[in-house]
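Working notes, structure below.
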Amino acid sequence: YMADTGDGWNSTSRMAYLVGKDSLTIRHNEKDIPLPRGQFLILGGDEVYPCAGKQAYKERLVNPFKAAHPRTSSDPKDDKADLYAIPGNHDWYGGLVSFMRRFQQGRDVGIWRTRQTRSYFALKLPCNLWLWGVDGNCFLIPFTITTPTRLPIIRISNFVNSISRC
């Protein structure tokens with residue numbers, strides 16, 4: 001997961017390099033633990049600053065990602081990971097047209113390929129879990145809620161315990 005990627009070349013390319021490595025090693029309880037690269041990457045909004053546009057996406061997102069990990073094949077079967085993105089307010093500047101062109105047409109961003117068809121997505125995960133990428137800006141349209149809604153709060157420890165039992 002990465003967010004606010006469009007701040008500048010150096011920070012974007014460095015983070016793209018890290019999330020694109022085959023593995024990262026962390027130290028836990030005096031042991032080195034290699035963590036493999038994920039099967040997908042989620043971008044959590046504001047992929048470019050200050051305003052989204054075709055050139056801004058190319059210069060501030062695509063080119064730094066390509067420089068960090070150039071693709072070696074254009075064959076879709078060779079994709080190493082899928083890419084999904086949630087638009088932030090900066091991606092919405094100009095009406096989301098550039099975001100849709102970049103993320104909803106199966107385009108390459110470095111070693112990743114975009115897979116979504118809307119500004120939101122749902123991914124089925126193992127153990128009957130789902131990851132929902134919600135475009136909060138879609139809810140700026142006026143509407144009325146007649147009954148209060150409560151969302152369940154899941155404690156991380158309960159989540160981890162349920163995953164380990166799968």
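Residue numbers run from 1 in the order of the sequence given. None of the values given here were measured: they were computed from a predicted structure.
- Nearest approach of Ala16 to His69, heavy atoms of both residues: O-CD2, 3.4 Å.
- At least one side-chain heavy atom of Val62 sits less than 4.5 Å from a side-chain heavy atom of Arg102.
- Trp9 forms part of no hydrophobic cluster, judged by ILVMFWY side-chain heavy-atom separations under 4.5 Å.
- For Tyr17, the OH atom counts as loosely surrounded, since its 6.0 Å shell holds 12 or fewer non-hydrogen atoms of other residues, nucleotides or ligands.
- Closest approach of Ala81 to Gly38, counting heavy atoms only: CB-O, 4.0 Å.
- The two residues Ala68 and Ser13 make their nearest non-hydrogen contact at CB-O, 3.6 Å.
- Residues meeting the ring-ring contact (aromatic ring centres under 6.0 Å, His included) test with Phe40, sequence neighbours left out: none.
- Of all heavy-atom pairs between Pro64 and Lys58, the closest is CD-O, 4.3 Å.
- Here the straight-line distance linking atom CE of Met100 with atom CD of Gln105 works out to 9.0 Å at 0.5 Å rounding.
- In this structure, CD1 on Ile111 lies 12.0 Å from NZ on Lys21, to the nearest 0.5 angstrom.
- For Lys31, there are no side-chain contact (heavy atoms from CB on, under 4.5 Å) partners at least two apart in sequence or on another chain.
- Contact check for Trp112 versus Val19: side-chain heavy atoms found under the 4.5 Å cut-off.
- For Thr114, the side-chain contact (heavy atoms from CB on, under 4.5 Å) test picks out Leu83, Phe103, Arg107, Val109, with sequence neighbours left out.
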What side-chain donor-acceptor pairs closer than 3.5 Å can you find for residues 45-52, not counting sequence neighbours?
{"residue": "Asp46", "atom": "OD1", "partner": "Asn89", "partner atom": "N", "Å": "3.2"}
{"residue": "Asp46", "atom": "OD1", "partner": "His90", "partner atom": "N", "Å": "2.9"}
{"residue": "Glu47", "atom": "OE2", "partner": "Gly45", "partner atom": "N", "Å": "2.9"}
{"residue": "Tyr49", "atom": "OH", "partner": "Asp4", "partner atom": "OD1", "Å": "2.5"}

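- Qualifying side chain to side chain donor-acceptor pair (under 3.5 Å) partners for Glu30, counting only residues two or more places apart in sequence or in other chains: none.
- Two residues are said to be in side-chain contact when any heavy atoms from C-beta on lie closer than 4.5 Å; Phe99 and Trp92 fail this criterion.
- Atom CH2 of Trp132 sits about 10.5 Å away from atom OH of Tyr120, to the nearest 0.5 Å.
- Residues passing the side chain to side chain donor-acceptor pair (under 3.5 Å) test with Asp32, sequence neighbours excluded: Arg27.
- Alongside Ile26, the hydrophobic cluster contains Ile33, Leu35 (criterion: ILVMFWY side chains under 4.5 Å).
- Rounded to the nearest 0.5 Å, atoms CG (Asp82) and CG (Leu123) are 8.5 Å apart.
- Residue Tyr93 is not grouped with residue Val97 when hydrophobic side chains (ILVMFWY) are merged at heavy-atom distances under 4.5 angstrom, including chains of intermediate members.
- Annotation: the span from Met15 atom CE to Thr5 atom OG1 amounts to 10.0 Å, rounded to 0.5 Å.
- Residues Phe121 and Ile86 form a side-chain contact, since some pair of their non-hydrogen atoms from C-beta on lies under 4.5 Å apart.
- For the atom pair OG (Ser119) and CD (Gln104), the distance works out to 6.5 Å, reported to the nearest 0.5 Å.
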